[in-house]
2 protein chains.
Amino acid sequence: MARSYRDITDAELAVMQVLWDRGEASIRQICDVLYPNGGPSHYATVQKLLERLEAKGFVHRDRSLQVHLFRATIGRDDLIGLRLRSLAEQLCGGSLTPLLTHLVKTKALSPQERAELRALIEQSEDAPRRRGSRKQT
Amino acid sequence: MARSYRDITDAELAVMQVLWDRGEASIRQICDVLYPNGGPSHYATVQKLLERLEAKGFVHRDRSLQVHLFRATIGRDDLIGLRLRSLAEQLCGGSLTPLLTHLVKTKALSPQERAELRALIEQSEDAPRRRGSRKQT
DNA sequence: CTGCCTCCAGACAACTTGTCTTAGAGCAAC
DNA sequence: GTTGCTCTAAGACAAGTTGTCTGGAGGCAG
């Protein structure tokens, strides 16, 4: 009954953040970022986290070099989407609309944010059949 | 390092859903909804889930009757808010804005939804300080 | 009294999560 | 070639979570 898409853990997320920053990195590089002057055990920890991320499909491992290189197969924004969808699944019967209205109602919008939002809405109005790239609910 | 607000589990969520539906319920009533013709072990399961929900503060237990009555201390919408905030914390540096724009960009809005959204934005424009209950980022 | 229903306390296995240990391979410099 | 470094690989480990279940004690109705 675990969440269907095998979620990313906190420690794993830290690794993902590095990958999102650098685009591609070796274990050593990630380790240096996450645990400056960390010992070999930290190295192994990062290694395990990457192994699990690869198993979950969130990371691609390039084995062509001696030193494997890792790359995120999912963007931060994609992960946000997954989480939002999973949240909607659990609490809103799958519909994203309640999340949207909740945010607009709860969050105090700055004038700039209001303007941006309006622009986005206009945009989706102009091209209502444009949504080929992403699924919608 | 567990999520700060002690999240609600899947099985616990099922119990919450019943409470949100009925407003107030005994273990037996919840049990009948969740496990029709379930045995005494299911009863104990629900009991334990309620105990944990009470410990986490999501449920109030009225002990004044012989048969305790349970009531959710948090609405579905509040939980949505908590989850959204936690999501923003993890992936957006605490800002809810990326979630908002993600939703507007991703989700294909029906004309009606667009109208509602616009109305909500107008509203927040009229009363920018009306939402004082929670901090916003 | 008997039976039924409730509450309470805690056991339990399965799984997750973050960390760490150990072993072995490949390569570079001495 | 041997030494030493870095890398991969495999898995052990404790702690915590989660969902389920067992057993006992008390109260009340028939």
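First the proteins, then the strands, lettered A, B, ... as listed; each starts at 1. Since the model is a prediction, treat every value here as computed from it, not as a measurement.
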Rounded interatomic separation in angstrom, taking [atom1] from [X] and [atom2] from [N]:
| X | N | atom1 | atom2 | value |
| --- | --- | --- | --- | --- |
| B:Lys48 | D:dT17 | NZ | C1' | 13 Å |
| B:Asp10 | C:dT16 | CG | C1' | 14 Å |
| A:Glu54 | D:dA9 | CD | C1' | 12 Å |
| A:Gln66 | C:dG26 | CD | P | 11 Å |
| A:His42 | C:dT19 | NE2 | C1' | 8 Å |
| B:Leu65 | C:dT6 | CG | C1' | 12 Å |
| B:Ile8 | D:dT17 | CD1 | C1' | 15 Å |
| B:Arg61 | C:dT6 | CZ | P | 13 Å |

What is the nucleic acid contact for B:Glu51, judged by heavy atoms within less than 4.0 Å: base, sugar-phosphate only, or nothing? nothing
On DNA chain C, does the nearest nucleotide to A:Ala44 precede the nearest nucleotide to A:Glu12 from the 5' side, or the other way round? Give the residue. A:Glu12
N/O (side chain, [X]) to phosphate O (OP1/OP2, [N]) under 4.0 Å:
| X | N | answer |
| --- | --- | --- |
| A:Tyr43 | C:dT19 | no |
| A:Arg6 | C:dT16 | yes |
| B:Arg63 | C:dC8 | yes |

Residue B:Thr45, side-chain heavy atoms: nucleotide from D:dG11, D:dC21, C:dC7 that is nearest: D:dC21
Out of D:dT18, D:dT22, C:dC7, which has the shortest distance to the side chain of B:Lys56? D:dT18
For A:Gln17 and B:Gln90, work out which heavy atoms get closest and say how close. NE2-O, 3.6 Å
Return yes if some donor-acceptor pair links the side-chain N/O of A:Thr73 with the main-chain N/O of A:Phe58 below 3.5 Å, else return no. yes
Where along residues 26-39 of chain A does a heavy atom come under 4.0 Å from DNA chain D, residue by residue in number order? A:Ile27, A:Arg28
In terms of the nearest nucleotide of DNA chain D, which residue is placed more toward the 5' end: A:Gln47 or B:Pro40? A:Gln47
Hey, which sits more toward the 5' end of DNA chain D by its nearest nucleotide, B:Arg52 or A:Arg52? A:Arg52
Do we see a donor-acceptor contact under 3.5 Å between the side chains of A:Thr101 and B:Glu116? no
Report the distance from atom CZ of B:Arg114 to atom CG of A:Leu120, rounding to the nearest 0.5 Å. 12.5 Å
Which distance, rounded to the nearest 0.5 Å, do you find between the CD1 of B:Ile8 and the CZ of B:Arg83? 6.5 Å
Take A:His42 and A:Leu34 through the side-chain contact (heavy atoms from CB on, under 4.5 Å) test and state the conclusion after the steps. CA-CA 9 Å; A:His42 292 112; A:Leu34 259 37; over 6 Å; no
Considering only heavy atoms from C-beta outward, does the side chain of A:Leu91 approach that of B:Leu13 to under 4.5 Å? yes
